[in-house]
Amino acid sequence: MNDKLIIAGKSYNSRLLVGTGKYKDFAETKAAVEASGSEIITVAIRRSNIGQNPNEPSLLEILPPSKYTLLPNTAGCYSAEDAVRTLRLARELLDGHSLVKLEVLGDPESLYPNVIETIAASKTLVAEGFQVMVYTSDDPIVAKQLEDIGCVAIMPLASLIGSGMGILNPWNLQLIMERVQVPVIVDAGVGTASDAAIAMELGCAGVLMNTAIAGARQPVLMASAMKLSVEAGRSAFLAGRMPKKFYSASPSSPTAGTIGSTHS
Amino acid sequence: MKVITISINGASRQLPDFTSVATLIEELGLVGKRIALERNGEIVPRSSFSTQQLADGDKLEVVVAVGGG
């Protein structure tokens, strides 16, 4: 089936995007990423540990840019300025790679996005030639504005980052999808496989997650569960579910010819 | 020999005057590592590491990619 996820003109087979944080070591990170089947994986940009064990392997040796589409993020940024600086560094780090994940947070407890700073950063980044996949709230008006600015994917939260609370407001996701042409990817809040399937059944173009996999008791097994659920949810969306009815009065087996019938 | 003081990732460090970015990278053991460098808020492309000389009061940020969501 030719059903590709297309972001900024590039097509991907997998609709599951995964983060690389919170794993116990690089071996587990690598195994989970492989089990997830993801082609797009997020990385964070942080200060180098100057003078500390220069022979330590780096994440990009484990997950090489030749094999994966690396999506540098701005996690931990609370202002448009810091987010833009971080992504300029990321572009230099990744040899001019321009596909990025923008997230500007509003407060350190909830990690709720600051949409005002997010909009400001999007404008600067798009003007500088970045292809911006943007993490945002599930506000359909803001989502539309971000698309109009030129973001290549809109990534609303399903619930708070790292909460595992699942899809709390499917109706807002629906409103966003009705208004936005670029891919809508649920980013944040997925807790288990059924949450990912629900997002896909709603018609989302993909799901991005980190903690749901890294925080599972067996991360590699959960990565494979997420791969299957995203595929199952996508197929169910394409297949088109039957309408919900309180009563059906339409059993699946023939109504005629049951034994002991008194009429023909 | 004149000495300059710069800041790298928030920590201060003294260097001889006329030190290039390339020399500093070497001194930090970061040659061949995938890093990106910002000097006073501006990106320094890898191609100009050898031609840029550091100045007293420079603020550098040296970053790498790490696991993140």
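Lettering of chains follows the sequences in order, A, B, ..., and the numbering in each one begins at 1.
- The neighbour count for A:Glu34 CD, taken as heavy atoms of other residues, nucleotides or ligands under 6.0 Å away, is above 12.
- Annotation: residues 99-110 of chain A contacts chain B through A:Lys101, A:Glu103 [non-hydrogen atoms, separation under 4.5 Å].
- When all heavy atoms of B:Ala65 and A:Val43 are compared, the closest pair comes out as CB-CG2, 4.2 Å.
- If you tally non-hydrogen atom pairs under 4.5 Å between each of A:Leu63, A:Thr29, A:Asp95 and chain B, the highest count goes to A:Asp95.
- For the pair A:Arg46 (side chain) and B:Val66 (backbone), a donor-acceptor distance under 3.5 Å is absent.
- For residues 47-63 of chain B, the interface with chain A (any heavy-atom pair closer than 4.5 Å) comprises B:Glu61, B:Val62, B:Val63, sorted by residue number.
- Of the two parts of A:Leu60, only the side chain, counted from C-beta on, holds a non-hydrogen atom closer than 4.5 Å to a non-hydrogen atom of chain B.
- A distance-only check finds no donor-acceptor pair linking the side chain of A:Ser48 to the backbone of B:Val64 [under 3.5 Å].
- The side-chain heavy atoms of A:Pro65 and B:Arg34, taken from C-beta on, include a pair separated by under 4.5 Å.
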Give the C-alpha distance, both sets of side-chain angles, the deciding distance and a yes or no for side-chain contact (heavy atoms from CB on, under 4.5 Å) between A:Thr86 and B:Glu38.
CA-CA 10 Å; A:Thr86 299; B:Glu38 184 193 71; over 6 Å; no

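- Atom CG of A:Leu93 is separated from atom CD1 of B:Ile43 by 9.5 Å, given to the nearest 0.5 angstrom.
- Of all the listed residues (A:Ile45, A:Leu89, A:Asn210, A:Ile161), the one sharing the greatest number of non-hydrogen pairs under 4.5 Å with chain B is A:Leu89.
- Considering all non-hydrogen atoms of both residues, A:Ala44 and B:Gly67 come closest at CB-O, 4.0 Å.
- When heavy atoms are compared at a cutoff of 4.5 Å, A:Leu94 approaches chain B by way of both its backbone and its side chain.
- Without hydrogens or angle criteria, A:Glu92 side chain to B:Arg46 main chain gives a donor-acceptor distance under 3.5 Å.
- With sequence neighbours left out, the side-chain hydrogen bond (donor to acceptor under 3.5 Å, both in side chains) criterion links A:Glu128 to A:Arg88.
- When the heavy atoms of residues 10-19 of chain B are compared with those of chain A, the residues falling under 4.5 Å are B:Gly10, B:Arg13, listed by number.
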